[in-house]
Protein chains: 2
Amino acid sequence: MQENDRQTSRTQLAVESIRSLIFSGDLAAGTDHLENELAERLSMSRTPIREATRVLEAQGLLVVRPRKGVRILTLSAEDMDEIYVVLTELESLAAGLAARGKYTADQLQPLLQSVEDMESSLEVEDRESWASADERFHDELVRLAGNSRMAAIISNFNDQVRRARAFTLHLRPLPLQSNEEHRALYEAIARGDEKGARRIHWRHRENARKTLIAILEEVGMKHL
Amino acid sequence: MQENDRQTSRTQLAVESIRSLIFSGDLAAGTDHLENELAERLSMSRTPIREATRVLEAQGLLVVRPRKGVRILTLSAEDMDEIYVVLTELESLAAGLAARGKYTADQLQPLLQSVEDMESSLEVEDRESWASADERFHDELVRLAGNSRMAAIISNFNDQVRRARAFTLHLRPLPLQSNEEHRALYEAIARGDEKGARRIHWRHRENARKTLIAILEEVGMKHL
DNA sequence: GCGTAATTTAATGTATACGTTATCGCATAC
DNA sequence: GTATGCGATAACGTATACATTAAATTACGC
C-alpha cells in the first residue's frame, strides 16, 4: 500500500505535529517559537522543522519571523469576519452545487445521517458530539459540491477558526435553530433546489457568524 | 527600506524565480524537474530549492513527487472550470463589497483609470496593454473589497490560470463586450449598488469562463 | 546617569555530507 | 522472449557545519 514516503517523512510528521500542537493549544496563539525549540521538542533537526513551518505559514496558521521564531497566529474579530465572509460565500456556493448535483437519497444518506446525529445529540445536550456531527455535515456538503479546490480553501479556513469554535462551543446557546437550518438545507439539496440551498446556507452561516462574534465581544475576547 | 531579510533570501529568490520560469513557460506545464537541476539552474544548493518548491506546492503551481522531481502542474478543462467557479464567486463577492464600501470618486479613480486604459487599448487593438489594464482592474476591485484573505485566494487562482489566459489572449475576439461590463461594474460600484455590482461581475466572469473554455475546446487543448 | 559605539551572542540562511531507498539495468532462469 | 531477482545508481530526506547578521549586552564617553 505505502502511498509514498511523504507520509512518514519527518517533514510531514512535523507539519502534523505542529498542527496538533496548535489546535490543542500547546502552542498557544500569539506565542513565538524558535526553530531550535521546535526541533528539540519534536526530536528532529531544524531541516524538517523549517520545511514544515513554511508549509504551515502558507496555510495561514503561523508566520515566520526571522530571529523572533515562528508566531502562532491569533485571530482578531476582524480576522474572524474576513474568514467567515469567505466561508459563507464558498459554502453557500457548495450548497448550491450540491443541490445541482441531483443526488439520490442514497447518495445523500451520510448528509442526512449527520443531521439526525445532530438532532439526537441536542436532545441529550451533548455539545461535543453535536459539534462533531456538525463538522461531518459541513464536510459532506463540501464533498457533494465536487470542487476540490473549493474544498481545500474551506478546509483550510475551518482550521483557522477551529480554536474559536471550540472556545465558544460551551458558551453559546444550544444550537436549536442551527439544526432546523441543517435539515432545511438537506431537504433543499434533496429536491435539487439550487437557489434555495444557497439561500438557506447563506443565512445559516450568517447566523453562525453573528453568534460567534457576539459571544466573543460579550466575553471581551479581542484575540483568539 | 529593507523590509526584511526574507526579501533577499535565496529561498525567496527561488520561489520568485521558479514562479517566473513557470509563467514564462521555461518550466513547461507537465514537465518534471529534479531538485539538483533546479539548484544548478538557479546557482544555489538544494536547501532553498526544497523550501521554495514546498511553498509553490502549497500554492498549487506544482507537485513534489519524490524521485520523479517536481512536476509543473497542467490544467485540464475541469481544473479550469473548478478554478473559475471559485474565482467567479469570490470576485463577485468582492464587487459587492467594493460597492458597499461607498467609495468616493477620488478613491475609485484607479479603477476608472484602468477601465479607460482598457478602452483606449482596444481602440488601437493592443491586446497586451488591454490585458495589463484588465489585470489592474481586477486587482483594484479586489483591493477595494478590503478582505486580505479573499485577495490572497483570488491572486493565487489567477496565477494558476495565467498561462491559459496568456494563451488565449490572441485567439479570442476583441473583448469589446468585456469592456462594457467593466464600465458597468465601475458605475455600479460608484453608486453603491451592491446587488447590481455582484450581478454584473458574475455575468462578466461567466462570460469570460465560457469564452475561455470555448477557445480551448476549439483549439483542442485538453491540457495547458 | 544616559546615550552611543563596540562586542558578544545566538538564530537564521545556506551549503554540504551522508544514509536510505526507489528506480533502472542487467544477468540469470524458465 | 519474458520474467524474476540482484546490484548499481542516483535522488531524496535529514543532520550537521558554517557563515551571516540581527539582537542583546557591555563598555565607553559625555
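Chain naming here is simple, since letters A, B, ... match the order of the sequence lines and numbering starts at 1 in each.
Between the NE2 atom of B:His33 and the C1' atom of D:dA11 there is a distance of 16 Å, rounded to whole Å. A:Leu42 places its CG atom 14 Å from the C1' atom of D:dT14, with the value rounded to the nearest Å. Whole-Å rounding puts the B:Asp32 CG to C:dT23 P distance at 13 Å. The CD-P distance, from A:Glu35 to D:dT16, rounds to 15 Å in whole Å. The CD-C1' distance, from B:Glu51 to C:dT12, rounds to 10 Å in whole Å. Straight-line distance from the CD atom of A:Glu37 to the P atom of C:dA10: 16 Å, rounded to whole Å. The distance from atom NZ of B:Lys68 to atom P of D:dA10 is 18 Å, rounded to the nearest whole Å. Distance A:Ile49 CD1 to C:dT12 P: 11 Å, rounded to the nearest Å.
Candidate nucleotides C:dA10, D:dC12, C:dG13 were compared by shortest atom distance to the side chain of A:Arg67, and C:dA10 ranks first. Comparing D:dA23, D:dC12, C:dG13 against the side chain of B:Leu34 picks out D:dC12 as the nearest. Taking the side chain of A:Arg50 as heavy atoms from C-beta on, and the options C:dG13, D:dG13, C:dT12, the nearest nucleotide is C:dG13.
Contacts of B:Glu82 classified as side chain to side chain donor-acceptor pair (under 3.5 Å), with partners at least two apart in sequence or in another chain: A:Ser148, A:Arg149. Looking at residues two or more places apart in sequence or on another chain, you find a salt bridge (charged side-chain N to carboxylate O under 4.0 Å, His left out) between B:Arg41 and B:Glu37.
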>> I'd like to know whether A:His138 forms a side-chain contact (heavy atoms from CB on, under 4.5 Å) with A:Arg205, so could you lay out the CA-CA distance, the side-chain angles of the two residues, the decisive distance to 0.1 Å, and finally the verdict.
In response: CA-CA 11 Å; A:His138 286 264; A:Arg205 269 300 194 186; 3.9 Å; yes
>> Assess the residue pair B:Glu40 and B:Asn36 against the criterion (side chain to side chain donor-acceptor pair (under 3.5 Å)); give the C-alpha distance rounded to whole Å, side-chain angles, the decisive distance to 0.1 Å, and a yes or no.
In response: CA-CA 6 Å; B:Glu40 194 164 343; B:Asn36 275 329; over 6 Å; no
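Contact of the A:Ile72 side chain with the A:Arg163 side chain is registered, since non-hydrogen atoms from C-beta on lie closer than 4.5 Å.
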Kindly give the atom pairs (protein nitrogen or oxygen, nucleotide nitrogen or oxygen) under 3.5 Å for nucleotides 15-17 of chain C.
| from | atom 1 | to | atom 2 | distance (Å) |
| --- | --- | --- | --- | --- |
| C:dA15 | OP2 | B:Ser45 | N | 2.7 |
| C:dA15 | OP2 | B:Ser45 | OG | 2.5 |
| C:dA15 | O5' | B:Ser45 | OG | 3.4 |
| C:dA15 | N7 | B:Thr47 | OG1 | 2.7 |
| C:dT16 | O4 | B:Thr47 | OG1 | 3.4 |

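For C:dT14, one of the phosphate oxygens OP1 or OP2 lies less than 4.0 angstrom from a side-chain nitrogen or oxygen of B:Thr11.
Side-chain N/O atoms of A:Asp117 and A:Ser114 include no donor and acceptor closer than 3.5 Å.
Here the side chain of B:Gln107 pairs a donor or acceptor atom with the backbone of B:Thr104 at under 3.5 angstrom.
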